[in-house]
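Bear in mind that the values here come from a model prediction, so they are computed numbers and not experimental data. What you see below is based on every heavy atom in this structure, not just the backbone, and it leaves out hydrogens, waters and symmetry mates.
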Amino acid sequence: MPKSYDRAYYEQWYHDPDRRVITPASVARKARLVLGIAESLLERPVRSVLDVGCGEGSWREHLRRERPNVRYTGVESSEYVIERYGRTRDIRAGSFGTLASLDLDGPYDVIVVCDVLQYVPDAELGPGLAALSELLGGVAYLEAYAQEDAIEGDRAGWHERSAAQYIAAFGAAGLVGVGMHCYVGEALRDHTAALERR
């Protein structure tokens, strides 16, 4: 049976205090971290964010709390999310694999792909990363979990990949790691020091 990102899914993994794997406080910390890294490298405030696989748009609230004027665009495949939150939270229909066809208004200062990549099929990973790299003008936050990680949460539709496989895929798309799940592309590569890159 295909996986459904419906209301019950979000209630279980995001809202139920006894079962959720993400809390608002943890999202707020991640948002502040990514804004700090991006603004340090950009040497100015973040103005635009693309959030791919954004779910209900939980990052939007925390980003806007820190940067009220930030232009936020969410991309999500869940029909439930699009119907319920699409218009009010600036979320459009799409997926990681369809990024190249969405006519997005890049480049973006920050691109968030949080807890999504391990659910992306192999055939969509490379093309999605290439499209992301084209849209990136600042820092990409690519929080992914590899087979070496012991994680709890939703394992349905999980694609087992090693850390080495992810690093190779990121590199093939021209993305360079700068730590804490953050990557830069062509626009900022020369603005980083050798010890920042890995």
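- Under the 4.5 Å side-chain criterion, counting only non-hydrogen atoms from C-beta, L142 is in contact with L132.
- Between the side chain of Q118 and the backbone N or O of A144, no donor-acceptor pair lies under 3.5 Å.
- At distances below 3.5 Å, at least one donor-acceptor pair connects side-chain atoms of E196 with backbone N or O atoms of A193.
- More than 12 heavy atoms of other residues, nucleotides or ligands lie within 6.0 Å of CG in D122, so this atom counts as buried by the packing criterion.
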Under 3.5 Å, sequence neighbours excluded: what are the donor-acceptor pairs made by side chains of residues 165-186?
from: Q165; atom 1: OE1; to: S162; atom 2: N; distance (Å): 2.7
from: Q165; atom 1: OE1; to: S162; atom 2: OG; distance (Å): 3.4
from: Y166; atom 1: OH; to: R161; atom 2: NH1; distance (Å): 3.2

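- In this structure, R197 CZ and T192 OG1 are separated by 4.0 Å, a value rounded to the nearest 0.5 Å.
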Please test N69 against R47 for side chain to side chain contact (heavy atoms under 4.5 Å, CB included), starting from the C-alpha separation and ending with a verdict.
CA-CA 7 Å; N69 296 320; R47 298 176 188 140; over 6 Å; no
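- The number of heavy atoms from other shown groups lying within 6.0 Å of CD (E66) is above 12.
- The salt bridge (Lys or Arg N to Asp or Glu O under 4.0 Å) test applied to D51 returns no partner, not counting sequence neighbours.
- The one candidate from R67, R44, R71 that meets the salt bridge (charged side-chain N to carboxylate O under 4.0 Å, His left out) condition with D109 is R44.
- Minimum interatomic distance between W59 and A31 (heavy atoms only, all atoms of both residues): CZ3-CA, 3.6 Å.
- Atom CD of E148 has more than 12 neighbouring heavy atoms from other residues, nucleotides or ligands inside a 6.0 Å radius.
- Between L104 atom CG and L135 atom CG the span is 5.5 Å, to the nearest 0.5 Å.
- Considering OH of Y141 and NZ of K30, their distance stands at 4.5 Å, rounded to 0.5 Å.
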Would you be so kind as to tabulate the donor-acceptor pairs closer than 3.5 Å made by side chains of residues 88-99, with sequence neighbours excluded?
from: T88; atom 1: OG1; to: Y85; atom 2: O; distance (Å): 3.4
from: R89; atom 1: NH1; to: E56; atom 2: O; distance (Å): 2.7
from: D90; atom 1: OD2; to: R60; atom 2: NE; distance (Å): 3.4
from: D90; atom 1: OD2; to: R60; atom 2: NH2; distance (Å): 3.1
from: R92; atom 1: NH1; to: L102; atom 2: O; distance (Å): 2.6
from: S95; atom 1: OG; to: G97; atom 2: N; distance (Å): 3.4
from: S95; atom 1: OG; to: T98; atom 2: N; distance (Å): 3.4
from: S95; atom 1: OG; to: T98; atom 2: OG1; distance (Å): 3.4
from: T98; atom 1: OG1; to: S95; atom 2: N; distance (Å): 2.8
from: T98; atom 1: OG1; to: S95; atom 2: O; distance (Å): 3.1

